[in-house]
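The structure under discussion appears below in the form of structure tokens.
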Amino acid sequence: MYNYQIFSELKTKFSERRVAGFFNDLGWKTRQSGRDEYELCSNFAELELCCDGGRLLLRGDVINNSSNISSIINILKQCSISFRLECYGTNHSLIKEFKWRKEQDSSM
């Protein structure tokens with residue numbers, strides 16, 4: 001049962017294909033589901049990575065556990081991907097917002 005929804009905008013020079021590859025390299029199941037869309041699945045999350053109007057978005061459902069959100073954040077940091085990530089509860093209210101910027105990236 002998924003209890004959290006995340007929405008994240010990623011700032012990176014990497015393509016959505018390469019970002020999906022990072023998750024795949026770390027044991028996630030990935031599959032291209034559209035021209036610019038990828039499904040990223042683990043035992044605790046089902047995410048969609050897509051390009052929308054020039055923005056790279058990561059969104060989806062995560063099992064209720066703060067360490068699971070941290071795992072996703074750690075992957076993005078490990079891959080030097082700047083991000084703003086919002087975490088929502090089952091009632092669609094914002095629970096927490098996370099931001100991280102790669103040192104050389106001043107655009108976030």
Any ring-ring contact (aromatic ring centres under 6.0 Å, His included) involving residues 55-74? Give me the pairs, sequence neighbours left out, ordered by first then second residue. none
Just wondering, do Leu94 and Phe7 contact through their side chains at under 4.5 Å, heavy atoms? no
Could you work out, with side-chain hydrogen bond (donor to acceptor under 3.5 Å, both in side chains) as the rule, every residue matching Asp52, not counting sequence neighbours? none
Pick from Thr30, Ile75, Ile72: which one makes a side chain to side chain contact (heavy atoms under 4.5 Å, CB included) with Leu40? Thr30
If you measure from CG on Leu26 to SG on Cys79, what distance do you get to the nearest 0.5 Å? 6.0 Å
Under the salt bridge (charged side-chain N to carboxylate O under 4.0 Å, His left out) rule, what pairs show up with a residue in residues 36-45, not counting sequence neighbours? Arg31-Glu39
Applying salt bridge (Lys or Arg N to Asp or Glu O under 4.0 Å), name anything that partners Glu86, two or more places apart in sequence or on another chain. Arg84
Which residues satisfy the ring pair (Phe, Tyr, Trp, His ring centres under 6.0 Å) test with Phe14, sequence neighbours excluded? Phe22
Check side-chain hydrogen bond (donor to acceptor under 3.5 Å, both in side chains) between Asn91 and all other residues, then give those that pass, not counting sequence neighbours. Ser93
Ring pair (Phe, Tyr, Trp, His ring centres under 6.0 Å) partners of Tyr38, counting only residues at least two apart: none
Linking I/L/V/M/F/W/Y whenever their side-chain heavy atoms sit closer than 4.5 Å, directly or via other members, would Leu76 and Tyr88 fall into one cluster? no
With sequence neighbours excluded, give me every salt bridge (charged side-chain N to carboxylate O under 4.0 Å, His left out) pair touching residues 56-76. Glu48-Arg59
Straight-line distance of Lys13 NZ to Arg18 CZ, nearest 0.5 Å: 11.0 Å
Check whether any side-chain heavy atom of Phe98 lies under 4.5 Å from a side-chain heavy atom of Lys96, and answer yes or no. yes
Minimum heavy-atom separation for Glu16 to Cys51, with atom names? OE1-CB, 3.9 Å
Taking only residues two or more places apart in sequence, or in another chain, which ones meet Phe44 in a ring pair (Phe, Tyr, Trp, His ring centres under 6.0 Å)? Trp28
Using salt bridge (Lys or Arg N to Asp or Glu O under 4.0 Å) as the criterion, list what pairs up with Arg55, not counting sequence neighbours. Glu9
Could you check if a side-chain atom of Leu56 sits within less than 4.5 angstrom of a side-chain atom of Thr12, using non-hydrogen atoms only? yes
The criterion is side chain to side chain contact (heavy atoms under 4.5 Å, CB included); which residues satisfy it with Lys77, sequence neighbours excluded? Ile73, Phe83, Trp100
Straight-line distance of Leu57 CG to Leu47 CG, nearest 0.5 Å: 12.5 Å
With a 4.5 Å cut-off on side-chain heavy-atom distances among I, L, V, M, F, W and Y, is there a chain of contacts connecting Ile95 to Leu85? yes
Please report the interatomic distance OG(Ser8) to CD(Glu97), rounded to the nearest 0.5 Å. 9.5 Å
How long is the straight-line distance from SG of Cys50 back to CG of Leu58, given to the nearest 0.5 Å? 8.5 Å
Counting N and O atoms only, with roles assigned by atom type, does the side chain of Asn74 sit under 3.5 Å from a partner on the main chain of Ser70, one being a donor and the other an acceptor? yes
Enumerate the ring-ring contact (aromatic ring centres under 6.0 Å, His included) contacts for residues 56-78, please, sequence neighbours excluded, ordered by first and then second residue. none
